[in-house]
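Scroll down for the structure; my scribbles are underneath it.
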Amino acid sequence: MTNTTKQALKQSICAAIDRNAERIIALGERIRRQPELGFKEFKTARLAEETLAELGLKPRAGLAITGVRAEVAGAKDGPTFAMLGELDGLVVQGHPIADPETGAAHACGHNAQMAGLLGAAMGLLEAGAPAHLAGRLVFFAVPAEEYGDVEWRVAQARAGRIEFLGGKPELLRLGHFDDVDLAMMIHTTSAPETRKAGVAASNNGCIVKTVRYLGRASHAGGAPHMGVNALYAANIGLMAINALRETFRDEDSIRVHPIITHGGSQVNVIPGEVRLETYVRGKTVEAILEANRKVDRALRAGAMAMGAKVEIETLPGYLPLFNHMGMADLFKANAAACLGADEVTETGHRSGSTDMGDISHVMPTLHPYMGGAVGSGHGADYAIADPKVAYVEPAKQLALMAVDLLWDDASGAREILRTWTPRMTREEYLAFQRSVSRTELYEG
Ligand SMILES: [Zn+2]
Ligand SMILES: [Zn+2]
């Protein structure tokens, strides 16, 4: 190792990232304009692969369909730290920069994650950081965090192309995190109260459900008495879910938000089939499973009232996220040094879900938020307002964390790992997710 101080290395990484700022911003903007849905992010994955290869790395592509992973070894052996960026967009009605064919839009700012990830690689490599670090750095572009497009994903699973319907669960299943010891990604936020950088204590987990009400089609004018109206059965199921809401405890942070994905075949036919999707989110696995039992009961009630059938498919979703507070402290210190202490915030529990929660069960994980966006997350008005804060500053924060963890024979990472107990082993994780899967056909 050449002679430098940790502080000097951090400064030269930040300077390298600043020199690359235009390139990093251009990547973030290019990805913003080519939004793709999960497990279909082929253009974005190709761009990540090309950019990592231009930096002299040897990325491997096609991991869980579209994931791209590259790594670089430090001067000595030690723990492996993975920096993640999510590749996907989601369908948001009316978003001005949506793909005209798929409806995909970057209304969650994942384009900024990709810019930050690639920028971190630029800074660390251009500053020659690996020569001063122990262990390995992994740059990982990961697919399909937004858990939507469910019918298509279920079809992919039936065809054997995936098992789990989210990107990180699938990467965990395939073993692409088996050699990773710690992980971090930075999510863009438009919440003004987070300011430029913030860490939440935890996030909701979720399970995902598809629901199919099966009635009997008949002439809507001439013979409705011959039919069984699957739409009304679904309506009663939805009303029953709404009636349950007063039983959800505030501290469990339950969110149930069904949509109708198919409401009938045509207007002069009594709907013979109606399809719904929903999540059941909550702060703990126990709370999610308890709410899920109630939701199943409510869904059955719709079938019972109408004499219809309901097929309820419960799919593994994402586990609750627990940020590692030691990594959070390192992040807050770096962010305060770069952005000013009054730009760094701490918040409590968040009711959204992320498959970084799954990662947080098997290794020390950090999922902070950084600003630069405006509008409503998952809304049509979501936009990047400050490209430097959204695209360039996260690159610095990922890279600075790498130094804090892997400097000095990786003493920072080793200390975190020494005192950390996994919430689940990888095997327990896979077993739990598989235990969630079930399909029930209820005949009302
Ligand atoms: Zn999102
Ligand atoms: Zn997101």
Is any side-chain N of the basic residue among Arg434 and Glu163 closer than 4.0 Å to the acidic one's carboxylate O? yes
Does the side chain of Arg136 come within less than 4.5 Å of Asp179's, by heavy atoms? yes
If the threshold is 4.0 Å, N to carboxylate O, is there a salt bridge linking Glu313 and Arg158? yes
Just by distance, no angles: are the side chains of Thr66 and Glu41 close enough, under 3.5 Å, to form a donor-acceptor pair? yes
Between His187 and Tyr369, how do the two ring planes meet: parallel, tilted or perpendicular, split at 30° and 60°? tilted
Checking side-chain polar atoms at under 3.5 Å, does Asn203 have a donor or acceptor matched by the opposite partner on Lys283? no
Would you say Arg30's side chain and Leu47's backbone share a donor-acceptor pair under 3.5 angstrom? no
Nearest 0.5 Å please: distance from the CG atom of Leu124 over to the CD1 atom of Ile13. 4.5 Å
Exercise: do Thr44 and Glu36 side chains pair donor with acceptor under 3.5 Å: yes
Ring-plane angle category for Tyr147 and Tyr318, please: parallel below 30°, perpendicular beyond 60°, tilted otherwise. tilted
How about Thr314 and Lys209: does a side-chain donor come under 3.5 Å of a side-chain acceptor? yes
Interatomic spacing from OG1 in Thr354 to CD in Glu86 - rounded to 0.5 Å: 5.0 Å
Is the shortest side-chain N to carboxylate O distance from Arg438 to Glu440 below 4.0 Å? yes
Donor-acceptor contact present, side-chain Gln397 to main-chain Pro394, <3.5 Å: no
Are the side chain of Asn111 and the backbone of His106 linked by a donor-acceptor contact shorter than 3.5 Å? no
Would you confirm whether Asp381, through its side chain, and Ser376, through its main-chain N or O, come within 3.5 Å as a donor-acceptor pair? yes
Under a 4.5 Å cut-off applied to non-hydrogen side-chain atoms, are Ile236 and Met306 in contact? yes
Report yes or no: does Arg414 contribute a side-chain atom to a donor-acceptor pair with the main-chain N or O of Asp409 at less than 3.5 Å? yes
Would you find a donor on one side and an acceptor on the other, under 3.5 Å apart, between the side chain of Thr284 and the backbone of Ala287? yes
Do any N or O atoms from the side chain of His262 and from the backbone of Arg275 form a donor-acceptor pair under 3.5 angstrom? no
Separation between CG (Asn235) and OH (Tyr213), nearest 0.5 Å, reads 9.5 Å
Which value, rounded to the nearest 0.5 Å, describes the distance between Arg293 atom CZ and Ile288 atom CD1? 12.0 Å
How about Met424 and Phe432: do any of their side-chain heavy atoms sit closer than 4.5 Å? yes
Lys/Arg-Asp/Glu bridge criterion (N-O < 4.0 Å) met for Glu71, Lys58: no
Within this structure, what is the SG-CD distance for the pair Cys108 and Glu145, rounded to the nearest 0.5 Å? 6.0 Å
Asp342 bridged to Lys196 by N-O distance under 4.0 Å: no
Under 4.0 Å between a side-chain nitrogen and a carboxylate oxygen: does that hold for Asp404 and Lys6? yes
Are the side chain of His361 and the backbone of Gly357 linked by a donor-acceptor contact shorter than 3.5 Å? yes
Among side-chain atoms of Ser351 and Asn204, is any donor-acceptor pair under 3.5 angstrom? no
Please report the interatomic distance CD(Gln433) to CD(Glu428), rounded to the nearest 0.5 Å. 13.0 Å
side-chain hydrogen bond (donor to acceptor under 3.5 Å, both in side chains) assessment of His257 paired with Arg281: CA-CA 9 Å; His257 40 86; Arg281 304 192 202 233; 2.9 Å; yes
Would a distance-only check, ignoring hydrogens and angles, find a side-chain to backbone donor-acceptor pair under 3.5 Å from Thr345 to Thr194? yes
Are Lys168 and Glu170 close enough for a salt bridge, meaning some N to O gap below 4.0 Å? no
Residues Lys40 and Asp149 bridged, charged N to O under 4.0 Å: yes
Exercise: do His349 and Ser202 side chains pair donor with acceptor under 3.5 Å: yes
Say whether, by atom type as modelled, one donor and one acceptor occur between the side chain of Arg33 and the main chain of Ile97 under 3.5 angstrom. no
